[in-house]
Amino acid sequence: MGEVWKAAITDSFNKFLGKVITFLPNLLAMITILIIGFLIAWILKKLIFRFLQAIQFDRMSGRWGLTDILSKGGLTYSPADLLSRFFYWIIVVITLILGLNALEVAATQASIAQFFNYLPHVFASIIVLVIGHLIAIFLGQAVLIAAVNTQIESARFLSRAVRWFIIILSLTMALYHLGIAEKVIIAAFTIIFGGIALALAIAFGWGGRELAKDFLEKLSKGRDERDKERDNISHI
Amino acid sequence: MVDSDLRSITPEWMDLLLRPIYEEGFDYVAPLYGRHKFDGTITNSIVYLLTRALYGKRIRQPIGGDFGFSGKLARFYLTKDVWGTDVARFGIDIWMTTLAIAEGFKVCQVYLGAKIHDAKDPGSDLGPMFTQVVSSVFGLMGEYETLWKEIEESQPVATFGFHYEVGLEPISVNLERMIGNFRLGVKDLIEIWKKLLYSETALWLESIARLSDEASSFPQDLWVRIIYDFAIGYHKGSVHRDHLLKSMIPLYLGRVASFVKENQKSSAEEVEEEIESLCQVFEEMKPYLVEGWSKAKGGE
């Protein structure tokens with residue numbers, strides 16, 4: 001009886017030790033991966049920050065309006081600092097995933113595989129949003145200046161409309177890439193912008209037909225009067 | 001080389017434009033005209049003033065459109081690959097004049113008489129003309145910055161031809177439209193301008209826009225600051241260059257309106273004295289440009 005009891009304890013202890021010995025290399029591998037990963041992330045952050053400073057990234061971001069957006073959003077980091085931190089955290093996340101993978105726990109492995117499959121969609125969406133924002137700022141500014149030089153009083157409204165249209169379009173495309181409620185997003189976008197176009201068509205085409213007639217008559221008379229009022233100054 | 005739409009050109013112009021080259025050894029002959037006191041506003045507000053202050057030569061009509069140049073200078077021009085840029089459009093005149101001065105060619109000017117064009121196409125737009133000329137001026141500042149930073153004052157150039165009075169047709173100017181355009185610019189473009197101008201300059205513009213049509217005035221030193229700040233901004237790239245140039249147009253129209261209003265009753269000689277006084281301000285404030293330009297470069 002004593003022998004059986006002793007054997008049971010020894011067996012249990014040996015099994016536990018066996019599992020620890022099997023698990024220990026994985027744990028050590030995880031710790032090693034984490035240490036190296038954090039180190040690489042820190043070094044990469046410094047290198048990227050120095051590179052971005054060398055290419056005057058903060059000044060370019062100022063031109064594109066990114067600095068304004070960040071300060072309005074309450075972020076005090078410069079664009080170069082923010083981008084280098086972004087890459088730091090990407091490396092940290094990858095390090096954590098690799099570390100978890102090293103533990104060889106079956107439950108996490110499937111999730112990790114799904115995460116890596118999803119990552120390209122995340123990057124594509126970020127690129128779409130950034131490019132969309134830059135295009136929105138550029139075109140909004142171009143429309144504003146052109147409208148002012150044509151003496152359109154509602155220049156600012158036109159500029160904002162163009163800017164928001166492009167931002168919403170790029171947001172829609174980003175969400176579509178992420179696969180978040182794709183059909184709802186497409187339907188919502190179509191309904192909203194289709195609705196706006198239809199409302200304007202009805203308002204001007206049906207409700208404003210007399211107004212449109214008066215407007216066109218005034219435009220035609222106005223062009224003749226404007227021709228009479230034109231400068232004949234020679235600018236060059 | 002002469003403008004293709006001239007009505008006042010005479011055969012004597014050919015002799016006047018070429019004689020200084022083959023008799024006196026000059027390489028570049030710029031025109032001098034008898035023009036209406038309000039004609040050539042881009043020349044009188046920007047190009048003549050900047051060219052004189054930067055490169056030290058008082059060529060009165062640097063973008064006149066009618067020039068004589070030697071074979072040596074023509075061969076030099078052909079070595080430059082600029083034919084796909086704004087230089088090949090409205091910027092060609094200032095490019096030719098600036099290179100002739102900056103590269104050390106012998107330059108002079110000759111009096112040609114009245115400059116009268118064909119009737120202007122009412123649909124023709126100030127925009128492309130303005131942006132192409134000013135972009136050429138600002139672009140050349142970048143190429144020749146070592147040269148113009150060293151020049152401290154301007155000198156007159158040799159002038160040929162007999163200066164005589166000419167009869168000129170009256171000009172109509174729509175001041176209300178110009179001032180309206182300026183006010184709209186201040187209202188909607190001030191945020192873009194603030195990226196290029198000092199805050200005091202932007203506040204100054206806002207205060208002028210609030211004045212009535214009769215009281216509004218565009219002081220000389222404000223105008224000089226604006227031109228220099230925009231030149232620095234163009235070089236620095238703080239705003240997209242095409243947007244920067246187009247956003248200058250309301251400021252230019254504000255300045256032209258103020259100039260026309262102040263000189264309605266002035267004679268041509270008095271207007272020329274006013275332009276000369278503005279040239280002095282451009283030259284006196286050149287250290288402001290040099291300092292701002294160097295700071296912008298230091299930030300690169």
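Computed from a prediction, not measured in an experiment: that's the story for all the values here. Just so it is clear: chains get the letters A, B, ... in the order the sequence lines come, proteins before strands, and each one is counted from 1.
Chosen from B:Thr43, B:Ile63, B:Leu189, the residue pairing most often with chain A at heavy-atom distances under 4.5 Å is B:Leu189. Your options are B:Lys187, B:Gln61, B:Lys195, and the one with the most heavy-atom pairs under 4.5 Å with chain A is B:Lys187.
Annotation: the span from A:Thr150 atom OG1 to B:Asn181 atom CG amounts to 8.5 Å, rounded to 0.5 Å.
Of residues 238-251 of chain B, those residues with a non-hydrogen atom less than 4.5 Å from any non-hydrogen atom of chain A are, in numerical order, B:Ser238, B:Val239, B:His240, B:His243, B:Lys246, B:Ser247, B:Ile249, B:Pro250. Residues of residues 31-52 of chain A never come closer than 4.5 Å to chain B when only heavy atoms are counted. Within residues 137-145 of chain A, the residues that have a heavy atom under 4.5 Å from a heavy atom of chain B are A:Phe138, A:Gln141, A:Ala142, A:Leu144, A:Ile145, listed by number.
Nearest heavy atom pair, residue A:Glu153 against residue B:Asp188, reads O-OD2, 4.2 Å.
Counting heavy atoms of neighbouring residues, nucleotides and ligands inside a 6.0 Å radius, atom CD of B:Glu262 exceeds 12 of them. Around the CE atom of A:Met60, the shell of radius 6.0 Å holds more than 12 heavy atoms that belong to other residues, nucleotides or ligands.
For B:Arg183, the salt bridge (charged side-chain N to carboxylate O under 4.0 Å, His left out) partners two or more places apart in sequence, or in a different chain, are B:Asp213.
Distance alone, capped at 3.5 Å, places no donor-acceptor pair between the B:Arg177 side chain and the A:Gln151 backbone.
Heavy atoms closer than 4.5 Å to chain A are found nowhere in B:Val47, neither backbone nor side chain.
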